[in-house]
Colleague: 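Once you've had a glance at the structure underneath, I'll fire off some questions.
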Amino acid sequence: MANLNVKTGEEKWYKKAIGIFTRSKTPIASLIILYIAMVVIFASFSPYYLTIGNFRSIFNNFAVLGILSAGITIVMIGGGFDLSIGSTMGLTGILCAVIMLKFSFIPVGIVMVIAVIIGCFLGLINGLIIAKIGINPIITTLGTLAIFRGIAFFWADLNVRIYSDFWDSIGRSFIGGIIPYTTVYILVIFIILALVLKFTKFGRNLYTIGGNEYLAKLAGIKVERIKIASYVISGLFCGLAAIVLTSQLGSGRPEYGSGKELEVLTVVVLGGVTVGGGKGNYLGTFIALIIIGSIANGLVLLDVPVFLRMVIKGGLLVLAISIDALRNRRRLQLY
Amino acid sequence: MADNNNVILKMENITKTFPGVVALNNVSIDLKKGEVLGILGENGAGKSTLIKVLAGNYIKDSGKITIDGNETEFKNPGEAMESGIRVIYQELNTLENLSVTENIFLGEQETKTPLNIIDWKKMEKESRKILKQLNIDINPNTIMEDLSVSEKQVVEIAKAISKKGKILIMDEPTAALSEEDKDSLFEIIKTLKEAGVSIIYISHRLKEIFEITDRVTVLRDGKKIGTVGTSETDSNQLVTMMVGRDIQEMYPKREVPIGEVIMSVKNLVAEGIEDVSFELRKGEILGIFGLLGSGKTSLVKSLFGANPIKSGKIYVYGKKITIKKPWQARDNKIGLVPVDRKLDGLALMLGVKENITLANIQQLGKGFLIKKAVEREKAQRWIDNLDINTPSMNQEVNSLSGGNQQKVVLARWLESGSNIIILNEPTRGIDVGTKVEIYKLMQNLCEQGAGIIMISSELPEILSIADRILVISKGRITGEFKRGKASEEKLMQTACI
Amino acid sequence: QAEPEVITETVTETVTETVTETVTETVEVEEEAYAYYETLKVHAQDTDDPYPDNPAEGHTIAYTDIMGGIPFCNNVYGSVQKEWELAGGADSDLYYADNQYDATVGLQNADILLAKEPEVLIWFQFDSKVNSIVAQKYGDAGIPIIAVDVPVPGAPFMGVNNFKVAYMAGEEAIKRVEEQGGIDTIDKIILMQMPAGGEVVMLRSEGFYQAFVDEYGADVIDPMTIRADGGAGEAEQANAAMSDVLTSIPDAENFVLTSVNEQTMDGCISAVQTAGRWDPDKWIVITQGVDDVGKAQLREGLTDAGVGYFPERYGEYLIPAVSAYLNGELPPPFMYVENEIITPENIDEYYTE
Amino acid sequence: MAENQETPVRKKEKKFFLSNTITLFIVLIVMLVFFSLTSESFLSTYNLVSMLSNLSFYGIVAAVLTMVLISGEIDFSIGGNIGLTSIIAAILIESGVNGWLVILLCLLLGAAIGIFNGFLVTVIGVNSIIATVGTMSVWRGLAYTFSDGQSIMAMTPVIDFLGRGKVLNIPFPIILFIIIFAVCYVVMNHSKWGRKIYAIGVNPMASFLSGINVKQVKFLTFLFSGIAAALGGLILASLSGVGMPQHGEGLELTIISAILLGGTALGGGRGQILGTLVGVLIISVLYNGLTMLNVYYYYVQIAQGVVLVAVVATYEVRQKRLQE
Ligand SMILES: Nc1ncnc2c1ncn2[C@@H]1O[C@H](COP(=O)(O)OP(=O)(O)OP(=O)(O)O)[C@@H](O)[C@H]1O
Ligand SMILES: Nc1ncnc2c1ncn2[C@@H]1O[C@H](COP(=O)(O)OP(=O)(O)OP(=O)(O)O)[C@@H](O)[C@H]1O
Ligand SMILES: [Mg+2]
Ligand SMILES: [Mg+2]
């Protein structure tokens, strides 16, 4: 269905429609099937599953994950990697909380802007090291993962609680009591970024760089600049995620966001973003996000013991990605 | 404008060294408006380096580049492109998981106002137009990985001509092209020329040089030997300039007695090929000819266990064998020199020695460990026998020239004692001098009792070197010719069936 | 306050040997044998003056944090530093390492500190079983250990009696349940636990449960109890766990909630708020510890009461105990903090804002 | 003969490779000197020996994982594997199984884990990063499930010896560590199999077309990394005296940092076992020395991050200069 391998003939209109999001091949079809299967299973075992309240909680719970995966999708399509997102978010979060605590005269709106700036700045550091010195992104961000987290602990002894109702409402309010604001943010972010990828030079050049950096240089693309920009964008979304996270938790702590990187990685790779770059899109990331969120939620409703959930989550990820690998086997089979 | 009005580009006294290699030594060329300048030279002569210096890929050590009378120095390819220099590089540079359209407009997408949004419609239309000009039927929405090597090469060409430049550089654009595609390319070159575009054309095929260029510059060992008007020279002179000595015969052919059947293929069906049967004899060079996408590569890959066989039988020395994986082919003394050396043939970051012994690691001494002395001795033997030009056996193959890389791959199979050797476009991108060496080598092997299957899309080569030619079309054998009984026309006719 | 007999009885039913031992021995403590310790402790609790005779002067000790940087630990370490200086110890003679909630890190730290040959080790680590190796190493080297909050085999224990504080919290909750109209007004009792901390830490919520069972009977309590794993005592993980819990009980409205520490509670409450199910009148929330976070929660009216551990006073037990060792005396095997129930009403008596 | 006629290119290259390792050694030596000057106890035998025993369990895993990385794959599930093995070992010990049998069973478990990972990556064709991130949480989850989230005592003579025994006054884990590094060194530098791993890492397609069984070689590297992690889990259970579901949590990133620090390239083809050895030592010495100096853990963390990025930066800068 989503196999857009159109060697002959014209594209059907619906293929074109999907094609906006999926110019490169992704496991969208298997993901959708997986999701439907999950919904059927969960719904048949739990009467609560298909309630509005439940969807509300699914969507609100993956807000932070969603915003982070929005940023890293950009980085990974460009052939990069960002393991530091959890730390970047944690550091940004605690800095915002500290600013609100110590400089309470600063309007909350300004603090939000500061959060975004801090996030971008941390992303810029990653970007500069990766693009200018040319260090492998995994290594760089493995380093900054530790460094940013370490810096966040400078403020560990402060008990930074957030007393701004506005700040609190960012991650906790619902439109008409049903649709979480966070879902709206995610949708807006994903649609904008999908359009950016599809219809801007920046977006297309990102795919080129991810596909083959040398070639991108030959094609006259300003590779360094775009790479740096992609990390800044990832940092920006870490900043936004930090706002939502501290809002949902009502405090800033240095350890917030630890271990998030692997969760986010799971989402985007499940969504078809490849680790080497050059592939992926927001439709895939979005469906994967819903799947990951729904698994967590469904396992709770099915009353699966907490430790077993970890096993099942990991197992489902392996299963989904295996099905996709088998589907694409012809391409990869050789050795 | 001090210079002659006509001269658009001047490169003067360009020197470029790589660690241990002087790739360009005081080379000067000039290029006039609307002319096609050929550059000839053996492998490693410095042709690609010269154009890469021009296109901003490499920074020259010294020298001067003047375009339109202004001295310039491009720090990166982007700057060169902005000043109207377009390049088709020797290596394929396509993005496998993007569409043809995207590849053609790589980095230079068409946009529409407001907001500078990418205009997909326009790009698709343009692509269709360009591909049509090139006379090739590819849907611009196809994903690159579904194309064959030659189709990809056409897309490369389309990419270079999609935006009009002042100077168009082509580094062996026809290496992977069939005759027909070459003709369409030359039509386009002529049109561009008329429109005032200057072209630098690099090729190892003398025939093409005579067909399309106005002047030819010959390089040897990083030095410029001279520039001559194409109409005032002949191939003997050019070859002499290139190799520094006379080459008596372009296609030396020694008669080798043809012996018993050593391999026979019956009703082979596999991905890309349908019902193929043939025999290969001892001492024979069996040529395989076919158009782009006809199934040549698929065929030899199936013989080598790299393309799953659906049905059919393969006999070697009368014994039925199963080949599911390359190691089975190797153990049956079949060797394959793949068409894309860098991608499929060599472990570029390893040394010459390691690459020569790659198929025979298990034979490097008894037991678990590698006996280094054995390995050195084996590598040295083939470096000497095949005259592989390398500073040391530990040199990374990455830095060898194309011909020498090809010899390394060949050495690997000779080392493993293969006597059925499959060569897929063995002389692609290889200079005349080395070509002759490779032909001789092939015949030596035949004399020693091997049988060779050679895929080639270079007509003169296959007509002169092969003892027998199979023509393949749409995965089936459509014709078989003995040496001397075939002609270019006949081959093309049968290939189009 | 609960009668010691009651506790002993309940403990034997539910708890492992270590703790039974712990509690029974509490009853038999002979105060006179530890006069040196007692004097210094009383001095430390009463004043901020230097200890008489500078008992720590010229000595070295080592201290480990269970998880450096969290408010509870900051309070404890701060008081240890303060008392150490009051006892005449030099700042550089107080070796420090952070166990990071990680047994492997703890083992390394134990070795690193042992290489520095301190005279006493104050050991604060979350898993009591790993501690047996540490005890063995220091035993071989002849260096005494004082265990903080989590027992170390053979070492004197300082901190809270987990079961006792949990039981206290349970009784406080029951009082509120009764005020509200009895157990029928409650839909669910949620225990946000930390299995990773081992059995002893589990008592910190199981005691709470036991108090309810003792009051209303297991038939009533068991069906309404939810045990959840709130992670390693951090807000973010607890937040996720609480969201899961809420998902699984969409119809429940009135709750009793307790957790291992106040970080965890912070995560729980924010999850309830985020889910839009927060109503202070419908939640009876009792916390453990009353560290800086806990104080803030009480003052904000988020929690109803907390069992005060007074982490900022841990040093007042630990350093006198250390001093006892340094001067050839012994500290008592059990040094329990005197816990108090802290509520928004009485918090100002203990802590000024 | 040709060996001796090395051109400037080759010489420069040699220098380049030496320099990476030399850089690393210099960093290590500078650290050793610095810490022995600033801390009296740092150079004590007790400290050095206990540091080595404490790093042995993950050093072993790092050595074997280096092979996986050179072959172009990665195994993130080692940490989960360590946790699961330590728990299974503890459960077996608790139920009175003989120590030798425990070791055997746990190594078999490790092998099974390795086989499963290898199967996913080589047979199904799943990207190894994502496959092993997935299995990581499977193993970890199983560890929690079997132990109900709690630690279990793991003491029995044979196991005790594994992590805490001594031979000729040298702790046994250190001996194991040295043996396994030596074996890995010989395998990667002198064996046929090691050569295949390098070749595959550099160009899997060319290796395949030269008759190397790429899948088989990769599969085996996963198998060995599974077994090594299980051995690591056993040693850790012995060092700590308990099986714990948290054992090895976050260790994958530490180990991979050490390997990368040692100059192994992600994506395969380049790397040295010796480099990994020094990488592991640097990470441990840094932690040990800074903790000796009473430095807070988060400063240690910053220092580790800075060293990783800075050392790798010198590699890159050097390589760039070489290319110019
Ligand atoms: N990046 C590089 N690093 C080191 N040496 C190089 C590099 N590129 C080219 N060389 C060397 O420079 C010389 C000139 O190479 P160049 O590629 O220009 O030759 P060419 O004439 O294009 O040959 P061919 O016909 O094989 O393409 C060769 O000896 C080659 O080995
Ligand atoms: N693995 C494959 N999967 C799908 N199609 C394939 C595969 N291999 C080959 N083909 C298709 O089979 C046909 C024959 O391909 P093959 O590469 O053998 O042709 P060729 O004659 O070698 O062409 P060229 O001269 O371009 O290399 C082509 O249309 C190609 O697209
Ligand atoms: Mg060239
Ligand atoms: Mg082909």
Side-chain angles (χ1 to χ4, degrees), chain A residues 46-49 51-54 56-58 60-64 86 90 93 152-163 168 171-174 177-178 180 182 244-260 296-307 309, chain C residues 65 67-75 77-78 98 100-101 193 195-196 226-251 262-263 265-278 291-297 299-300 302:
Chain A
S46 165
Y48 293 121
Y49 190 77
T51 59
I52 287 176
N54 192 44
R56 192 177 87 154
S57 84
I58 294 177
N60 209 26
N61 287 351
F62 66 53
V64 170
F153 269 91
F154 287 170
W155 293 277
D157 55 339
L158 289 177
N159 166 31
V160 270
R161 305 178 62 72
I162 292 167
Y163 293 112
D168 278 352
R172 301 181 180 186
S173 310
F174 301 88
I178 296 170
T182 52
V244 172
L245 182 74
T246 49
S247 154
Q248 290 192 337
L249 289 172
S251 58
R253 289 287 313 156
E255 73 271 4
Y256 284 175
S258 357
K260 267 279 185 288
N297 171 277
L299 294 178
V300 172
L301 287 182
L302 295 195
D303 231 354
V304 174
V306 60
F307 297 133
R309 287 181 214 161
Chain C
D65 247 347
M67 173 78 199
I70 70 171
F72 190 88
C73 291
N74 287 335
N75 291 157
Y77 185 44
D98 180 355
Q100 285 287 309
Y101 268 133
Q193 305 183 307
I226 295 178
R227 292 179 170 79
D229 178 7
E234 293 167 5
E236 198 180 356
Q237 294 163 327
N239 181 281
M242 191 67 190
S243 301
D244 286 349
V245 169
L246 293 172
T247 304
S248 66
I249 43 168
D251 300 331
E262 281 137 347
Q263 292 292 118
M265 187 56 83
D266 224 20
C268 293
I269 294 175
S270 57
V272 180
Q273 289 172 332
T274 304
R277 289 165 76 171
W278 178 249
D291 60 14
D292 288 349
V293 176
K295 286 176 230 164
Q297 287 167 340
R299 292 201 158 107
E300 285 166 38
L302 293 173

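Here is the naming used below: chain letters follow the sequence lines, and residue numbers restart at 1 for every chain.
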Colleague: If every non-hydrogen atom of C:G68 is compared with every non-hydrogen atom of A:F153, which pair is closest and at what distance?
Modeller: O-CE2, 3.9 Å
Colleague: Are A:R253 and C:D266 close enough for a salt bridge, meaning some N to O gap below 4.0 Å?
Modeller: no
Colleague: Report the distance from atom CG of A:N61 to atom CG of C:N239, rounding to the nearest 0.5 Å.
Modeller: 7.5 Å
Colleague: Kindly compute the distance separating OG (A:S258) from CD (C:Q237), expressed to the nearest 0.5 Å.
Modeller: 7.5 Å
Colleague: In terms of heavy-atom proximity below 4.5 Å to chain A, should C:I70 be classed as side chain, backbone, both, or neither?
Modeller: both
Colleague: So how far is it from A:R161 CZ to C:R299 CZ, rounded to the nearest 0.5 Å?
Modeller: 12.0 Å
Colleague: Is it true that the side chains of C:E300 and A:Y163 contain a donor and an acceptor less than 3.5 Å apart?
Modeller: yes
Colleague: Select one option (side chain, backbone, both, neither) describing which atoms of C:A235 are under 4.5 Å from chain A's heavy atoms.
Modeller: both
Colleague: Out of curiosity, C:T247 OG1 to A:Y48 OH, how far, rounded to the nearest 0.5 Å?
Modeller: 12.0 Å
Colleague: Heavy-atom distance under 4.5 Å to chain A: side chain of C:L302, backbone, both or neither?
Modeller: side chain
Colleague: Of the non-hydrogen atoms in C:S270 and A:G250, which two are nearest, and what is the gap between them?
Modeller: CB-N, 4.5 Å
Colleague: If you measure from CG on A:L299 to OG on C:S248, what distance do you get to the nearest 0.5 Å?
Modeller: 12.0 Å
Colleague: At a 4.5 Å cut-off on heavy atoms, which part of A:L245 comes close to chain C: side chain, backbone, both, or neither?
Modeller: side chain
Colleague: Name the region of C:M67, side chain, backbone, both or neither, that has any atom closer than 4.5 Å to a heavy atom of chain A.
Modeller: side chain
Colleague: Specify the closest pair of heavy atoms between A:L249 and C:G267, including all atoms of both residues, with the distance to one decimal.
Modeller: CD2-CA, 4.4 Å
Colleague: Does any heavy atom of chain C fall under 4.5 Å from the side chain of A:Y256, the backbone, both, or neither of them?
Modeller: both
Colleague: Counting heavy-atom pairs closer than 4.5 Å to chain A, which one of C:A241, C:P71, C:A240 comes out on top?
Modeller: C:P71
Colleague: As an exercise: rank A:G171, A:G257, A:S247 by heavy-atom pairs under 4.5 Å with chain C and give me the winner.
Modeller: A:G257
Colleague: Can you measure from OG (A:S251) to CD (C:Q263) and round to the nearest 0.5 angstrom?
Modeller: 7.0 Å
